[in-house]
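Here is the structure we will look at, set down as structure tokens.
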Amino acid sequence: MPAKKTARKTTSAGRSKKSPVILDEESFLARVDLALKDRREANLIVFHGVSLAQVRAGRGTKAADAAFQKLADAALPKISAGVLAGRLQPDRLAVLVAGKLAAAQEAAQKIHQALRQSSREPISTGVAGSAGLKDGAVELCRLATQAAAETWSQGNRTIRTRTSAGPVPLPMKPAPRPAGAELEAHYDRLFLLNRISSELFSDKPFADALVETSNVVLTLMDAAYAAVYFCDDFGAPHAARRHGDPAFLEPEAQAEEALIVAQTLEQRRIITIKGAGGGWQASPLTSITREGPSENGVLVVGFSKPPAPSAERDQNMLEVGRLLRNARLLQRNLQQQRVLAAVTEQSADAIIITDLASRILMWNSSAENLTGYSKTDLLGHGAEILVPGHGHEELGRLEDMARETGVARFDSVIQRKDGGLLPVEGQYTLLKDERGSPWGMVRVLRDITKRKELDRMKSEFVSLVSHELRTPLTSIQGFAETILDFGDSLEPEKRKHFLEIIVEEARRLGRLVTNFLDVSKLEAGAMNPKPKEVDLAALCKRLAALFKEHQTMAVFKEDLAPDARKVFADEDQTYRVLLNLCGNALKYTPTKGTITISSKVVGDFVEICVADQGPGISRDDQARIFEKFFRVPDKVSRKTPGTGLGLAICKGIVESHGGKIWLESEVGRGTKFFFTLPAMR
Ligand code: ADP
């Protein structure tokens with residue numbers, strides 16, 4: 001790959017002349033390898049823009065590259081123009097400095113300090129020396145990157161240095177504070193607190209803000225470790241972030257941490273304790289609510305040496321605690337709002353919010369689906385847009401009731417955008433602010449078409465069942481009473497005829513009851529067919545015999561294909577299907593006609609057809625013909641006894657065998673019912 005040179009854009013021509021060109025990773029490594037081969041002592045400084053990855057994820061590559069460029073602009077002019085600079089990974093700036101390691105460390109420290117104060121992006125800096133190095137540029141970069149990571153985990157207080165032989169301490173003691181140091185320290189403190197505040201109240205994810213906050217806390221408190229705890233809804237503390245020296249994650253240290261957290265929550269004050277490896281300080285994150293103060297977390301910091309008492313640090317602990325508590329409250333409120341919005345949006349019920357003048361302010365997607373109106377259609381309109389003209393008075397009455405009592409429940413109809421009416425049940429609830437003043441109304445509507453349909457079916461069922469059961473019962477009762485009262489005087493012929501009627505009507509009752517039972521079996525999915533070889537020709541013979549006995553006007557014809565005479569099915573259930581279909585064909589064909597049962601093989605199934613020359617069924621009625629209790633609302637059906645259950649049962653039986661049932665029909669041209677059952681293999 002050819003070496004790509006990244007041209008730097010700078011605002012000042014002077015600076016751009018001074019600063020070195022930033023090479024891409026590949027070219028940089030090649031050039032470092034060359035320098036190392038020259039046997040010159042070479043040291044690498046890596047500046048890691050820690051939050052660049054977040055910038056990249058949140059605002060895109062362009063913004064991250066611009067931030068990287070700012071980092072380079074701030075760092076490079078402070079190093080001599082002769083140095084080699086390159087980009088390691090997207091967020092690390094590497095600079096190769098010739099000469100003694102101590103000089104490179106010193107330079108790195110100065111730049112680190114300057115970057116830390118001038119840049120919004122947190123920077124961690126690491127230095128690697130080439131002494132004893134065997135594996136060239138890649139190894140040198142790895143060491144410097146590792147050193148930068150260590151700097152980060154220590155809160156960027158002092159930068160780390162590594163060579164292949166291990167860590168190298170900084171060359172100098174911390175410089176004594178110059179004159180005006182107090183002012184500088186004050187400025188530092190404000191700067192760091194401001195940094196925490198801008199992190200916590202930024203628009204970045206709260207977890208990311210906590211990462212950077214705990215890092216700054218290390219610097220501010222001069223600590224080696226920091227942890228932030230928040231209490232859950234039941235008051236139990238949970239660590240939201242732990243950061244710093246991994247020694248504090250050892251079991252013994254964790255036990256000390258748990259202890260100081262518990263003590264702080266109990267005593268509601270700053271607590272300082274000694275620990276096996278150093279010391280601890282913790283401060284409660286207290287909220288003052290109407291009900292009184294309540295603890296909602298703890299800020300804990302760990303030190304490598306027992307900390308000397310410091311009023312300034314206590315002040316800092318309280319200050320950071322206050323920031324953390326406020327940020328947490330804000331974040332929880334936002335989260336609750338988001339949850340509420342998501343619940344409202346995903347609710348299956350239509351939810352519409354109006355102001356006190358009944359103007360629509362907000363609504364969820366279910367409201368759009370229910371009403372057919374889009375968001376732009378509804379915004380600002382009065383709620384009466386959803387009510388048919390004759391319902392306006394009722395709407396006013398319900399709204400008045402909600403205003404007076406806080407809530408109004410109702411069963412009503414709404415008018416959709418397309419003009420269609422929809423039965424709904426609903427509730428209007430008055431919305432009040434925290435002072436109890438009403439500001440609007442939430443209207444929850446639920447489509448009850450299905451319930452209404454069910455109600456209709458239930459009442460139809462009751463009247464149908466009572467009618468269907470009453471007819472045979474009346475006959476049975478009438479003829480039985482006649483025989484009882486006039487039995488002796490009746491001619492034997494007549495008496496026999498009456499008894500035959502009683503038996504026939506009793507059978508009819510039996511069939512009705514079986515049908516009702518079958519429907520409940522269907523609903524419970526308990527048809528449980530017991531398949532075996534079934535001879536369709538034999539079933540047709542049984543049917544023909546039955547119909548002959550009934551002296552029907554129709555002619556019964558069997559036309560089964562030779563290879564489609566056997567199915568693998570439950571024999572009784574197959575007979576029930578044929579009986580229902582042929583029975584219907586007879587019932588609904590008032591004139592003389594032919595009823596044909598035919599069959600053919602289609603794949604693994606036998607397709608059976610029952611065709612009649614009756615009145616036919618319209619397209620609209622075809623769509624509902626297999627529904628329970630559905631009967632075509634025409635004269636023929638009205639005159640013919642029936643329950644509307646036969647076809648629903650046929651469908652249930654056929655489908656429980658893995659088959660299908662359908663029909664072809666035209667008004668006045670007869671009907672063909674088809675169904676499939678598994679063929680015999
Ligand atoms: P039932 O016959 O007891 O009413 P079904 O479920 O068997 O119930 O049939 C439902 C409705 O379908 C009948 O009421 C009738 O209106 C119509 N129907 C069924 N079969 C035919 C047919 N072969 N020709 C015309 N209409 C039919």
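Since the model is a prediction, treat every value here as computed from it, not as a measurement. Ligands are counted one by one from 1 in listed order, and the atoms in each one are counted from 1 as well.
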Requested in this report: Please work out whether any backbone atom (N, CA, C, O) or any side-chain heavy atom from C-beta onward of Ile617 is under 4.0 Å from ligand 1, and answer side chain, backbone, both or neither.
Outcome: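 Ile617 to ligand 1: side-chain contact only, backbone stays beyond 4.0 Å.
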Query - Residue part near ligand 1, for Leu647, under 4.0 Å between non-hydrogen atoms - result: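 Both of them.
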[X] side chain near [Y] side chain, heavy-atom distance below 4.5 Å:
{"X": "Thr574", "Y": "Leu677", "result": "yes"}
{"X": "Gln622", "Y": "Leu663", "result": "yes"}
{"X": "Trp439", "Y": "Leu430", "result": "no"}
{"X": "Val567", "Y": "Met680", "result": "no"}
{"X": "Asn584", "Y": "Val610", "result": "no"}
{"X": "Leu210", "Y": "Leu200", "result": "yes"}

Checking a contact table here: which protein heavy atom is nearest [atom], and how many Å away?
{"atom": "atom 12 (O) of ligand 1", "answer": "Ile625 CD1, 3.2 Å"}
{"atom": "atom 16 (O) of ligand 1", "answer": "Ser637 OG, 2.7 Å"}
{"atom": "atom 3 (O) of ligand 1", "answer": "Thr643 N, 2.8 Å"}
{"atom": "atom 23 (N) of ligand 1", "answer": "Asp612 OD2, 2.8 Å"}
{"atom": "atom 4 (O) of ligand 1", "answer": "Arg631 NE, 2.6 Å"}

Interfacing atoms of ligand 1 (cut-off 4.0 Å, heavy-atom, [X]):
{"X": "Thr671", "value": "24 (N)"}
{"X": "Gly646", "value": "5 (P), 6 (O), 7 (O), 8 (O)"}
{"X": "Lys587", "value": "1 (P), 2 (O), 3 (O)"}
{"X": "Leu645", "value": "6 (O), 8 (O)"}
{"X": "Asn584", "value": "2 (O), 5 (P), 7 (O), 9 (O), 19 (C), 20 (N)"}

Query - Donor on one side chain, acceptor on other, Ser347 and Asp349, under 3.5 Å - result: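 No, Asp349 and Ser347 have no side-chain donor paired with an acceptor closer than 3.5 Å.
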**Report entry** Shortest heavy-atom approach to atom 10 (C) of ligand 1 - which of Phe630, Phe673, Tyr588
**Finding:**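 Selected option, by shortest heavy-atom distance: Phe630.
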Query raised in the report: Closest approach of Arg332 and Cys231, non-hydrogen atoms and distance?
Result: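 Looks like NH1-O, 3.9 Å.
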Requested in this report: Return yes when Gly644 approaches ligand 1 closer than 4.0 angstrom through a heavy atom, no otherwise.
Outcome: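 So Gly644 counts as touching ligand 1.
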Query - Cation-pi, Tyr575 ring and Arg542 (6.0 angstrom, 45 degrees) - result: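 Geometry flag: set, cation within 6.0 Å and 45°.
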